[in-house]
2 protein chains.
Amino acid sequence: MKETSKHELDRMDRNILRALQKDGRLANADLAKMVNASAATCHRRTQRLFDEGYIASVRAQIAPATVGLGALVMVGVVLDRSTPESFAEFEKAVGAMKEVLDCNLVAGDFDYLLKIRVRDMAGFNLLHGKQLIALPGVRQIRTFFVLKEVKDNAPLPF
Amino acid sequence: MKETSKHELDRMDRNILRALQKDGRLANADLAKMVNASAATCHRRTQRLFDEGYIASVRAQIAPATVGLGALVMVGVVLDRSTPESFAEFEKAVGAMKEVLDCNLVAGDFDYLLKIRVRDMAGFNLLHGKQLIALPGVRQIRTFFVLKEVKDNAPLPF
DNA sequence: CTCGTGCTTGGAAGTTTCTTTCATTTTGAT
DNA sequence: ATCAAAATGAAAGAAACTTCCAAGCACGAG
């Protein structure tokens, strides 16, 4: 009985994932050489990794500063009440804010931690005044301006 | 006088960026149709976006849970001393930790905010005990376990 | 207004690459 | 040891990329 045919990843699979995580545009022929397989085999393996959901997507990483999003801000949010409805409402509202790149419900001093990109500090002030404090159920917001991006979106270690 | 030949991005350029941000594997022919241009023009524009640094890279997004990295943890760090050497040393050490996906120097209650992926809570405890508290110059660490990933790595809004 | 310069465009040729097919090998269970 | 199922690699066929070139457009000088 084979369930959903979720085979284990062998060494070749992992090597393919690692290579594509570094360069999603790798030509299949080159990738095949890197993992010591024929083009056909490599192509099949890669397609399986897509089909079975190991690779969620392949996306271009755009340099934020070049499109006018040079400022990064982390924000901690505390809600008024800790009810499921309160959380759901907040998450829905945040989901609609395109400036919010990450949003995580956390355990600790905050309820949510947000990662936000805007043009500059002025842009953040606008967002803060017009949208963040207007989010539903927000009791407190703590802002962490990013002074230096040491690591951003590093590849997954596996 | 042409500086570094940094033309402005026109509508077609932005459309290309947006499309590739969603799907970095788009065939040039398909992309061309989406932006209403010939394959040749689209190819040139895309190559320029790469060459001039608008697209930093194209990377496969691997589903963390499928490679044994189902747990996400945000960590706030306060250093002992606020000297350039102290910061540099900390950043170097963090740079070598593959589990740390993001690391940002921030202004606020913490010096650094880290985004960390591990297998599970046990994995984090190991990392915490063996590496995080051993990082150079660390005075205090505050841990935020992520209970729910509402948004992760959303595309840049531009 | 007209001309000329320089940049951008799109069709098509030539080349590379992908994708499928098929015979063979390997794997894994009995 | 034997068989069935799955995976592999070479090659053919299909599709895509990349370059070349003539034509179009914008813009400034005269």
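Side-chain atoms are counted along with the backbone in the values below, which use heavy atoms only and exclude waters and symmetry mates. Proteins get letters first, then strands, A, B, ... in listed order; numbering begins at 1 in each.
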Rounded interatomic separation in angstrom, taking [atom1] from [X] and [atom2] from [N]:
| X | N | atom1 | atom2 | value |
| --- | --- | --- | --- | --- |
| B/Asp30 | D/dA15 | CG | P | 13 Å |
| B/Leu26 | D/dA15 | CG | P | 19 Å |
| A/Arg48 | C/dT19 | CZ | C1' | 18 Å |
| B/Leu9 | C/dT8 | CG | P | 13 Å |
| A/Arg25 | C/dT16 | CZ | C1' | 16 Å |
| B/Phe50 | D/dT18 | CZ | P | 10 Å |
| A/Gln47 | D/dT8 | CD | P | 14 Å |
| A/Asn28 | C/dT19 | CG | P | 7 Å |

At their closest point, which heavy atom of [X] faces which heavy atom of [Y], and how far apart are they?
| X | Y | answer |
| --- | --- | --- |
| B/Pro136 | B/Leu79 | O-CD2, 4.3 Å |
| A/Gly53 | B/Thr66 | O-CG2, 4.0 Å |
| A/Asn104 | B/Glu149 | OD1-CA, 3.4 Å |
| B/Ile133 | B/Ile141 | N-CD1, 3.9 Å |

Worksheet entry | Residues touching DNA chain D, which here means a heavy atom under 4.0 Å, drawn from residues 16-24 of chain A | none
Fill in: Atom CE of B/Met12 with >12 non-hydrogen neighbours under 6.0 angstrom
yes
Item to complete: Using a cut-off of 6.0 Å, state whether more than 12 heavy atoms not belonging to A/Arg119 lie near its atom CZ.
Response: no
Practice prompt. Estimate the overall bend of the helix from C/dC1-D/dG30 to C/dT30-D/dA1 from the end axes over five pairs each, rounded to 10 degrees.
Written response: 40°
Practice prompt. Decide yes or no for B/Leu17 and B/Leu9: does some side-chain heavy atom of the first lie under 4.5 Å from some side-chain heavy atom of the second?
Written response: yes
Worksheet item: A/Val67 versus B/Arg18: any side-chain heavy-atom pair under 4.5 Å?
Response: no
Does a side-chain N or O of [X] approach OP1 or OP2 of [N] to a distance below 4.0 Å, or not?
| X | N | answer |
| --- | --- | --- |
| B/His43 | D/dC17 | no |
| A/Thr41 | D/dA7 | no |
| B/Arg44 | D/dT19 | no |

Discussion item. Under the ring-ring contact (aromatic ring centres under 6.0 Å, His included) definition, can you give me all pairs with a residue in residues 117-138 of chain A, not counting sequence neighbours?
Written reply: A/Phe124-A/His128, A/Phe124-A/Phe145
Discussion item. The criterion is side chain to side chain contact (heavy atoms under 4.5 Å, CB included); which residues satisfy it with A/Arg142, sequence neighbours excluded?
Written reply: A/Phe110, A/Gln140, A/Phe144, B/Asp109
Response to the item:
Per the under-4.0 Å heavy-atom filter, residues of residues 31-40 of chain A near DNA chain C come out as A/Ala40
Worksheet, complete the sentence: Residues passing the ring pair (Phe, Tyr, Trp, His ring centres under 6.0 Å) test with A/Phe158, sequence neighbours excluded, are none
